[in-house]
Number of protein chains: 2
Amino acid sequence: MSVSINEIKNYLVKNNIKPSFPRLKIFEYLASRPTHPTADDIHSALVKEMPTLSKTTVYNTLDLFIRSNIVRSITIDGNEQRFDVDVTNHGHFKCQVCQIIYEFDLDPALINPGSLKNFRIFERNVFFKGICSYCLDKAKADFK
Amino acid sequence: MSVSINEIKNYLVKNNIKPSFPRLKIFEYLASRPTHPTADDIHSALVKEMPTLSKTTVYNTLDLFIRSNIVRSITIDGNEQRFDVDVTNHGHFKCQVCQIIYEFDLDPALINPGSLKNFRIFERNVFFKGICSYCLDKAKADFK
DNA sequence: TCCCAAATAGGATTAAATCTTATACAGAAA
DNA sequence: TTTCTGTATAAGATTTAATCCTATTTGGGA
């Protein structure tokens with residue numbers, strides 16, 4: 001997904017976020033790649049063209065985006081937070097061989113489990129780990 | 001769930017784990033409370049009766065249990081690992097008001113999503129956040 | 001132009017997890 | 001029993017994501 005700076009600007013404004021330069025660049029970074037980067041990924045990528053960009057700004061901006069519901073925080077590996085501009089409910093699968101992160105749709109039955117009836121759910125995290133079909137096929141081919 | 005040290009001993013041996021004293025106590029701690037403790041919780045609770053217990057041992061032991069499939073690692077809050085003796089597939093819900101962690105069953109449709117056909121899934125993590133029905137009721141009652 | 005509140009910078013701090021090295025232990029062999 | 005060997009544990013240093021604190025900068029309104 002490649003989005004123009006102007007589109008992002010309008011999108012931020014529409015969500016009551018002042019479109020400062022760091023915010024524009026951080027959102028552009030998130031929107032332009034499907035890699036679910038960490039805060040550190042974002043910082044080290046953007047600091048090249050914005051030498052004064054601080055990590056605090058990255059974290060502040062991401063928190064702001066999350067509060068405004070235009071970014072969500074996801075957990076895939078235990079101990080590092082990742083960020084995703086896709087705020088719809090979907091799960092993530094990380095292949096332990098190729099490290100690629102796949103997204104998958106959630107069954108509506110999961111989204112509101114019967115046993116959580118009358119609970120109000122604000123945040124849904126679903127992430128699986130294993131080996132993707134491509135790496136499984138590759139492993140099989142290597143055996144021949 | 002209260003389990004005798006002897007039962008735990010047998011259980012560890014059955015899973016090819018030498019039942020050392022730290023291992024017995026760590027497993028007992030996990031089995032006897034439903035709180036999904038962190039490694040630090042376990043350490044600071046047990047260090048009272050085992051003053052030389054080190055964090056390394058706690059982490060090593062938990063890793064061993066996980067590799068042996070008698071404990072699973074779960075993520076509920078972003079940045080701290082928690083541990084659970086219930087290794088069946090189930091989700092966790094954390095109430096942001098009372099902080100209680102509820103467990104809920106997963107719909108079979110989620111366990112093997114169609115879009116991950118031919119993927120091998122080793123680990124399933126599902127955790128939700130929100131407000132539980134009890135805290136919602138309480139809030140409602142407070143308004144009267 | 002000046003002022004004020006919000007945004008950002010920069011570095012210190014915290015804390016979970018890992019790593020390193022040394023010591024203790026338990027079982028096997030003599 | 002004694003010795004040997006590999007495993008388990010201890011203790012503390014190190015790493016690193018995330019937060020916190022304080023100072024500076026920025027931009028819009030008076």
Side-chain angles (χ1 to χ4, degrees), chain A residues 8-9 12-13 15-29 35-68 70-84 125 127, chain B residues 8-9 12-13 15-29 35-68 70-84 125 127:
Chain A
I8 294 173
K9 195 166 179 174
L12 295 188
V13 169
N15 284 278
N16 299 311
I17 296 170
K18 288 187 192 170
S20 72
F21 188 62
R23 290 170 178 175
L24 285 171
K25 297 303 284 183
I26 289 170
F27 193 89
E28 184 195 34
Y29 185 87
T35 51
H36 308 94
T38 64
D40 195 64
D41 291 336
I42 298 169
H43 179 261
S44 47
L46 293 182
V47 81
K48 290 169 193 162
E49 47 177 320
M50 305 167 66
T52 68
L53 180 69
S54 74
K55 286 199 178 182
T56 308
T57 299
V58 174
Y59 279 103
N60 285 346
T61 302
L62 290 168
D63 285 347
L64 174 65
F65 288 169
I66 289 169
R67 283 200 309 278
S68 303
I70 63 172
V71 163
R72 59 182 274 216
S73 162
I74 60 178
T75 302
I76 295 177
D77 282 319
N79 41 18
E80 64 188 5
Q81 216 179 346
R82 294 173 171 273
F83 300 91
D84 192 344
N125 297 278
F127 67 98
Chain B
I8 294 173
K9 197 166 178 174
L12 295 188
V13 170
N15 284 279
N16 299 311
I17 296 170
K18 289 185 192 170
S20 73
F21 188 62
R23 289 170 179 176
L24 285 171
K25 297 303 284 183
I26 290 170
F27 193 88
E28 183 194 35
Y29 185 87
T35 51
H36 307 95
T38 64
D40 195 63
D41 291 336
I42 297 170
H43 179 262
S44 46
L46 293 183
V47 81
K48 290 170 194 162
E49 46 177 322
M50 304 167 65
T52 68
L53 180 70
S54 75
K55 286 200 177 181
T56 309
T57 299
V58 174
Y59 279 104
N60 285 345
T61 302
L62 290 169
D63 285 347
L64 174 64
F65 288 169
I66 289 169
R67 282 201 309 280
S68 303
I70 63 172
V71 162
R72 59 183 275 217
S73 161
I74 60 178
T75 303
I76 294 177
D77 280 319
N79 41 16
E80 65 188 3
Q81 216 179 347
R82 293 172 173 273
F83 300 91
D84 193 344
N125 297 278
F127 66 98

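Note on naming: letters A, B, ... go to the chains in the order of the sequence lines (proteins, then strands), and numbering restarts at 1 for each one.
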Quiz item: What pairs with A:R82 under salt bridge (charged side-chain N to carboxylate O under 4.0 Å, His left out), at least two apart in sequence or on another chain?
Solution: A:E80
Practice problem: Please name all residues satisfying ring-ring contact (aromatic ring centres under 6.0 Å, His included) with A:H43, sequence neighbours left out, ordered by chain then number. | Solution: none
Practice problem: Sequence neighbours left out, what passes side-chain hydrogen bond (donor to acceptor under 3.5 Å, both in side chains) with B:N125? Give chain and number order. | Solution: B:E123
Quiz prompt | Nearest non-hydrogen partners of A:S68 and A:N15, listed with the distance | solution = O-OD1, 4.0 Å
Practice problem: Could I get the full list of side chain to side chain contact (heavy atoms under 4.5 Å, CB included) partners for B:T57, not counting sequence neighbours? | Solution: B:P22, B:L53, B:S54, B:T61
Self-check item: Interface with DNA chain D, restricted to residues 44-64 of chain A and to heavy atoms under 4.0 Å
Solution: A:T56, A:Y59
Exercise. Take atom CG of A:D41 and atom C1' of D:dA17, then tell me their distance rounded to the nearest Å.
Key: 12 Å
Self-check item: With A:F65 via ring-ring contact (aromatic ring centres under 6.0 Å, His included) - residues at least two apart
Solution: A:F27
Quiz item: Between atom CD1 in B:I17 and atom C1' in D:dT7, what is the gap in whole Å?
Solution: 14 Å
Exercise. Output all residues satisfying side chain to side chain contact (heavy atoms under 4.5 Å, CB included) with A:K18, sequence neighbours left out; order by chain, then residue number.
Key: A:R23
Quiz item: Listed by chain and number, what are the side-chain hydrogen bond (donor to acceptor under 3.5 Å, both in side chains) partners of A:D41, not counting sequence neighbours?
Solution: A:T38
Polar pairs (N or O, both sides) under 3.5 Å between protein and nucleotides 25-29 of chain D?
none

Quiz item: What is the 5' to 3' range of DNA chain C, first to last nucleotide, that sits under 4.0 Å from any heavy atom of chain A?
Solution: C:dA7 to C:dG11
Quiz item: Expressed in angstrom and rounded to an integer, what is the separation of B:R23 atom CZ from D:dT7 atom P?
Solution: 11 Å
Quiz item: Expressed in angstrom and rounded to an integer, what is the separation of A:H43 atom NE2 from D:dA18 atom C1'?
Solution: 13 Å
Exercise. Could you pull out all residues at least two apart from A:S73 that satisfy side-chain hydrogen bond (donor to acceptor under 3.5 Å, both in side chains)?
Key: A:Q81
Practice problem: For residues 54-68 of chain A, pull every pair meeting salt bridge (charged side-chain N to carboxylate O under 4.0 Å, His left out), keeping only residues two or more places apart or in separate chains. | Solution: A:D40-A:K55
